[in-house]
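What follows is a set of notes on a single structure, which appears directly below.
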2 protein chains.
Amino acid sequence: MNDLETRQLRYFVAVAEEQHFGRAAQRLGMAQPPLSRAIREMERQLGVQLLVRTTRQVALTPVGETLLDDARRALEAVQAAGRRAHRSGRPAPALTVALKADFDAGLLPRIVEEYRELPVQLLLGGPGDQVRAVRDGRADVALVPTPYDPQGLESEPLVTAPRVVALAASDPLVTHPGPLRLSDLAGRMLPNGTAAELGDVTAPTGQRVRRDLSQIFSLVETGNLVWFLPQWLAERFPRPNLVYRAVEDLEPSTLAVVWAVGSRSPAVAAFVRTAQDVASR
Amino acid sequence: MNDLETRQLRYFVAVAEEQHFGRAAQRLGMAQPPLSRAIREMERQLGVQLLVRTTRQVALTPVGETLLDDARRALEAVQAAGRRAHRSGRPAPALTVALKADFDAGLLPRIVEEYRELPVQLLLGGPGDQVRAVRDGRADVALVPTPYDPQGLESEPLVTAPRVVALAASDPLVTHPGPLRLSDLAGRMLPNGTAAELGDVTAPTGQRVRRDLSQIFSLVETGNLVWFLPQWLAERFPRPNLVYRAVEDLEPSTLAVVWAVGSRSPAVAAFVRTAQDVASR
DNA sequence: ATTGCTTACGACTGCCGTAAGAATG
DNA sequence: CATTCTTACGGCAGTCGTAAGCAAT
């Protein structure tokens with residue numbers, strides 16, 4: 001019956017994240033006392049203790065942990081609702097497409113050219129930003145390579161291409177006889193700072209890469225950093241000191257167009273169709 | 001930055017659903033004027049027209065349509081957050097399992113017996129109620145047969161079984177020579193009141209059945225209503241005037257255990273494991 | 001003794017309900 | 001002309017900020 005209010009969720013998330021009422025209040029632009037009372041009122045309303053406070057430490061109870069997860073999701077959904085409504089009502093509406101620079105398999109120019117429903121606005125971002133932007137309504141669609149977190153999204157695959165490994169030209173593996181396998185690369189460092197292990201090597205193309213492309217390329221050229229990238233990305237960046245080689249048991253990558261559940265407006269549907277058309281040629 | 005409040009979303013959903021300010025206000029337990037102002041304030045805040053009002057008609061604009069979808073989802077997420085926190089703080093917590101009566105493939109008694117983490121509370125409901133209950137936090141897990149709407153849920157399959165068709169004993173198809181095919185059943189009425197067509201016949205086990213089992217059975221026994229049901233459900237209900245027959249190109253049904261994204265607490269994880277154990281024997 | 005959450009209290013913003021107004025079919 | 005959304009206005013609940021209290025390191 002008595003739902004939580006967005007304001008309460010915002011307060012709780014701030015306190016839970018800061019683990020400190022003072023800093024949370026500052027972040028929210030308010031004084032501590034009302035924040036303190038609001039949380040207490042929330043606990044009373046739910047009949048649950050969310051935080052254990054000593055004067056030196058604020059910690060989440062198990063219930064608080066799960067509420068933090070749920071509250072983040074709920075706030076994201078509320079923001080998505082507001083943002084999408086706001087954006088679609090603008091005088092000169094545009095379709096916002098989120099993608100990571102160069103991760104378009106060379107399709108973007110042709111898609112934009114053939115898509116004539118609306119002006120296209122690009123939203124460039126780092127890894128993981130794309131799906132987040134679509135989920136919270138800042139973008140209408142995104143182009144992302146697998147693997148990505150599909151929660152709250154629908155998608156259509158565009159192109160599936162093998163991934164290759166980027167090696168320094170001086171790397172002994174360049175002259176490795178026969179096809180490379182993942183086991184040949186075990187123990188090398190990945191761009192996210194972890195060592196490549198057999199169960200781990202499929203992830204780095206996805207979420208956790210924190211540097212931009214040229215940085216990664218120069219790290220690969222110099223050290224024994226390895227990087228897995230889709231074929232089409234390798235083709236776009238021929239570099240003198242870099243060699244791309246196929247890896248036999250490396251899973252291929254699929255570039256997909258994704259949109260938020262329930263937001264398949266005519267404009268989005270047309271974009272998806274255009275992207276599929278272009279990709280199938 | 002200026003998020004919508006839960007209250008505003010509730011108001012908007014009520015008006016959008018009733019297409020009438022008066023009835024919506026009544027449903028919300030308030031007077032029309034503040035409701036009218038709240039919606040107008042929302043429109044101003046978003047810079048978008050959500051409804052077109054004449055004094056005789058209230059209709060949604062396209063933007064309003066998409067906001068209605070998003071708002072429903074957002075409210076569901078907020079309610080889920082509140083409900084889960086509330087329930088997990090109860091003095092004698094229990095694990096609430098949502099299912100449709102008899103749709104447990106005979107597994108439930110053994111699962112409940114072997115699951116010793118918490119008391120188990122059952123939440124019975126009609127088709128579609130289960131996933132909704134899990135999504136909005138009224139249940140921790142659910143047992144559901146495919147197909148179901150997987151949005152916001154994670155799942156593990158338990159058992160996959162062929163589906164069979166229930167026919168009246170007097171039905172000419174009972175003596176049909178050779179294996180039945182879906183095309184033999186085209187045009188028959190389904191429990192949801194629509195005619196069975198080739199592309200349509202996989203749905204009825206799922207969402208839209210609105211009668212209970214005994215009603216459906218008697219309708220099958222009397223008229224030319226057809227019903228598709230999992231093998232294990234047919235086995236549990238041998239009925240004198242009913243014949244179950246295999247259908248060659250009818251997709252099998254999988255009974256799955258589902259839970260809300262991010263709510264895989266230890267108790268839930270243990271239940272899932274127990275269910276899988278029981279199902280695999 | 002200092003840091004930091006909580007309680008107390010006065011002020012205010014903003015929402016609600018009643019009553020009157022305007023517009024549509 | 002009747003129904004129904006909107007505007008106007010007075011009352012009130014709920015939230016905020018400042019100041020004082022109190023517990024833990």
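All heavy atoms count here, side chains included; hydrogens, waters and symmetry mates do not. Because the structure is predicted, anything quoted here is derived from the model rather than measured. Order of the sequence lines fixes the chain letters, A, B, ..., with proteins taken first and strands second; residue numbering starts at 1 for each chain.
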query = Has B:R40 got a side-chain N or O lying under 4.0 Å from the OP1 or OP2 atom of D:dT7?
reply =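 Looking at the OP1 and OP2 atoms of D:dT7, one of them is under 4.0 Å from a side-chain N or O of B:R40.
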
task = Give a yes/no on whether any side-chain N or O of A:S36 is located under 4.0 angstrom from OP1 or OP2 of C:dT6.
result =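 Yes, because at least one side-chain N or O of A:S36 sits under 4.0 Å from OP1 or OP2 of C:dT6.
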
Spacing between [X] atom [atom1] and [N] atom [atom2], to the nearest angstrom:
{"X": "B:R44", "N": "C:dG14", "atom1": "CZ", "atom2": "P", "value": "11 Å"}
{"X": "B:Q32", "N": "D:dT7", "atom1": "CD", "atom2": "P", "value": "15 Å"}
{"X": "B:E18", "N": "D:dT4", "atom1": "CD", "atom2": "P", "value": "13 Å"}
{"X": "A:Q26", "N": "C:dG4", "atom1": "CD", "atom2": "P", "value": "12 Å"}
{"X": "A:M30", "N": "C:dC5", "atom1": "CE", "atom2": "C1'", "value": "14 Å"}
{"X": "B:E5", "N": "D:dT15", "atom1": "CD", "atom2": "C1'", "value": "12 Å"}
{"X": "B:L50", "N": "D:dC5", "atom1": "CG", "atom2": "C1'", "value": "16 Å"}
{"X": "B:H20", "N": "C:dT24", "atom1": "NE2", "atom2": "C1'", "value": "14 Å"}

inquiry  = Could you check whether atom CD of B:Q26 has more than 12 heavy atoms from other residues, nucleotides or ligands sitting under 6.0 Å from it?
reply    =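 Not more than 12 within 6.0 Å, no.
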
ask   = Hey, is A:E5 close enough to B:R10 for a salt bridge, meaning N to O under 4.0 Å?
value =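 A salt bridge links A:E5 with B:R10.
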
message = Salt bridge check, B:E154 against B:R264: does any charged N sit closer than 4.0 Å to a carboxylate O?
response =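 Result for this pair is no, no salt bridge flagged.
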
ask   = Is there a donor-acceptor pair closer than 3.5 Å between any side-chain N or O of B:Q79 and the backbone N or O of B:G137?
value =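 Checking the backbone N and O of B:G137 against the side chain of B:Q79, no donor-acceptor pair under 3.5 Å is found.
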
Could you work out which one of [options] sits closest to the side chain of [X]?
{"X": "B:F21", "options": "D:dT6, C:dC5, C:dT24", "result": "D:dT6"}
{"X": "A:R53", "options": "C:dT6, C:dG17, D:dC5", "result": "C:dT6"}
{"X": "B:R7", "options": "C:dA19, C:dC16, C:dC5", "result": "C:dC16"}

task = Just report the end-to-end axis angle for the helix from C:dA1-D:dT25 to C:dG25-D:dC1, five pairs per end, to 10 degrees.
result =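 Taking the rotation axis at each end, their angle is 30°.
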
5'-most by nearest nucleotide on DNA chain D - A:P34 or A:T54 =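 Mapping each residue to its closest nucleotide by heavy atoms, the 5'-most match is A:P34.
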
query = Between A:T66 and B:R84, do the side chains contain an N or O donor and an N or O acceptor separated by less than 3.5 Å?
reply =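 No, because no side-chain N or O of A:T66 sits under 3.5 Å from a partner of the opposite role on B:R84.
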
ask   = Could you state the interatomic distance from CG (A:L99) to CG (A:D129), rounded to the nearest 0.5 Å?
value =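 Going from the CG atom of A:L99 to the CG atom of A:D129 covers 11.0 Å.
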
task = Mind checking A:R37 for me? I need base, sugar-phosphate or nothing, with any heavy atom below 4.0 Å counting as a touch.
result =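 Contact class for A:R37: base.
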
key: Side-chain heavy-atom pair B:R135, B:D149 within 4.5 angstrom cut-off   =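 Yes; the side chains approach each other to less than 4.5 Å.
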
